[in-house]
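Let me begin by presenting the structure, written as structure tokens, before commenting on it.
Counting from 1, the numbers follow the sequence of the chain as shown. FYI, side chains are in, hydrogens and waters are out, and symmetry mates aren't considered; it's all heavy atoms of this structure.
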Amino acid sequence: MQRTLLIFCGFLLAGIASPHAGFAQAVPDLSAWDVHDLDRPQPPIVQTGAGQAQPILPPSDAIVLFDGANLDGWVSQKDGRPARWKVENGYFEVVDGAGGIETTRGFGDVQLHVEWASPNPPKGEGQDNGNSGVFLMNQYEVQVLNSYGNKTYPDGQASALYGQYPPLVNATRPPGEWQVYDIVFRRPRFAADGSLLTPARVTVIHNGVLVQDNVVLTGPTGHHARPPYEAHEDQLPISLQDHDHPVRFRNIWLRELGNND
């Protein structure tokens, strides 16, 4: 059953991965909302059932970034030394003050799989409750947060493209349960003079539910800002944020996607 589901998800992701897909999510007028506007409509809530006890096995062509054993292949963003987050029982956990971590390798267009769990019992409210983030190319964030009964600004809840797009629906499971992100990311393209040719696009499936449908990013992630694109390398690390909360991660893998230039 698990293999059948994985194959089905593979076909689903293949169908939405192309930046030329004809059913891309309509791009809203972001000028209608301030960044982190609490008056922005809250996404409707959908129930997705309990998280899986065991990780979803990666496909045969995946690059495994964390297999449950160690953080080889990750380094501290503070000083470039080996990552100092806690590893135990097949997962790793943010260590307060240790700083964010990033992959030693760079990546561009990818299908990325990440499983995470916010702390249980939950502590705090709003953005101060199970906060972390998955950063593509170190600068385009898919938010990690406890958004189960925890209200915050919609463009900062779980599976939001932080500061830009709330998810289509809130598919968050309760704290302590494993959540699943499947992310399809197409990097921005820049001309030789540094000007933007095509912006980045992102699709996110959260716990089996489509929450970001091939949306166009306005630029890199900012806090209370929507900064413009600046030319950068074609491959950069994937990073995870230390936001002082003991968020857990497991079973992180990716597939590099073909170049559609």
Side-chain angles (χ1 to χ4, degrees), residues 25-51 93-94 96-97 99-100 112 114-136 138-183 185 202-213 215-227 239-249:
Q25 181 175 329
V27 179
D29 179 11
L30 291 182
S31 65
W33 305 103
D34 292 333
V35 181
H36 311 324
D37 194 335
L38 282 168
D39 292 328
R40 197 169 184 173
Q42 293 285 329
I45 296 171
V46 299
Q47 303 295 329
T48 64
E93 181 177 292
V94 179
D96 183 4
L112 175 65
V114 179
E115 299 177 28
W116 60 273
S118 59
N120 188 33
K123 295 181 180 179
E125 58 184 22
Q127 290 292 295
D128 190 30
N129 189 330
N131 195 325
S132 183
V134 178
F135 283 79
L136 289 306
N138 261 347
Q139 51 193 314
Y140 307 102
E141 182 185 12
V142 180
Q143 173 76 321
V144 169
L145 191 78
N146 172 30
S147 293
Y148 191 85
N150 175 42
K151 186 176 179 180
T152 187
Y153 40 81
D155 63 2
Q157 73 171 66
S159 73
L161 301 177
Y162 189 81
Q164 297 184 35
Y165 301 104
L168 295 172
V169 296
N170 180 352
T172 310
R173 291 172 177 150
E177 292 192 13
W178 286 105
Q179 319 262 353
V180 179
Y181 283 170
D182 285 293
I183 301 167
F185 175 75
V202 185
T203 293
V204 181
I205 296 176
H206 183 192
N207 295 331
V209 178
L210 183 66
V211 293
Q212 302 286 354
D213 190 0
V215 295
V216 178
L217 293 182
T218 64
T221 297
H223 183 57
H224 285 290
R226 294 188 183 121
S239 57
L240 301 174
Q241 185 182 43
D242 171 12
H243 208 288
D244 304 331
H245 300 160
V247 178
R248 295 175 177 177
F249 294 89

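- Pro119 has its side chain within reach of Val247: a pair of non-hydrogen atoms, C-beta onward, lies under 4.5 Å apart.
- Shown here are the side-chain hydrogen bond (donor to acceptor under 3.5 Å, both in side chains) partners of Ser239, two or more places apart in sequence or in another chain: Asn138.
- The distance from the CG atom of Asn131 to the CG atom of Leu145 is 5.0 Å, given to the nearest 0.5 Å.
- Here the closest non-hydrogen pair linking Ala158 and His206 is CB-CE1, 4.3 Å.
- Side-chain contact annotation: Gln164 with Gln212, donor-acceptor N/O pair under 3.5 Å absent.
- Here the NE2 atom belonging to His243 is positioned 8.5 Å from the OG atom belonging to Ser132, to the nearest 0.5 angstrom.
- At least one side-chain heavy atom of Val142 sits less than 4.5 Å from a side-chain heavy atom of Tyr181.
- Atom NZ in Lys123 sits 13.0 Å away from atom OG in Ser118 (nearest 0.5 Å).
- Not counting sequence neighbours, the partners of Phe249 by the ring pair (Phe, Tyr, Trp, His ring centres under 6.0 Å) test are Phe92.
- Scanning for ring pair (Phe, Tyr, Trp, His ring centres under 6.0 Å) contacts around Tyr153 gives His36, with sequence neighbours left out.
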Gln127/Gln143 under side-chain contact (heavy atoms from CB on, under 4.5 Å): CA gap, chis, key distance, verdict: CA-CA 10 Å; Gln127 290 292 295; Gln143 173 76 321; 3.1 Å; yes
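- Considering only heavy atoms from C-beta on, Val35 comes within 4.5 Å of Arg226 through its side chain.
- The CD atom of Gln179 sits 8.0 Å away from atom CG of Asn146, with the distance rounded to the nearest 0.5 Å.
- Screening Val216, Leu217, Thr221, Asp155 for a side-chain contact (heavy atoms from CB on, under 4.5 Å) with Leu161, the sole residue that qualifies is Leu217.
- Looking at Thr152 and Gln157, their side chains never bring a donor and an acceptor atom within 3.5 Å of each other.
- Shown here are the ring pair (Phe, Tyr, Trp, His ring centres under 6.0 Å) partners of Trp178, two or more places apart in sequence or in another chain: there are none.
- Listed by chain and number, the residues in a salt bridge (Lys or Arg N to Asp or Glu O under 4.0 Å) with Glu93 are Lys86, Arg248 (sequence neighbours excluded).
- Residues Asp182 and Leu112 are not in side-chain contact: their nearest non-hydrogen atoms beyond the backbone lie 4.5 Å or more apart.
- In this structure Asp128 satisfies the side-chain hydrogen bond (donor to acceptor under 3.5 Å, both in side chains) test together with His245, sequence neighbours excluded.
- Inter-residue side-chain proximity for Thr203 and Ile183 is flagged as unmet; no heavy-atom pair is nearer than 4.5 Å.
- Between Tyr165 and Thr218 there is a side-chain heavy-atom pair separated by less than 4.5 Å.
- With a 4.5 Å cut-off on side-chain heavy atoms, Pro154 and Pro41 do not count as touching.
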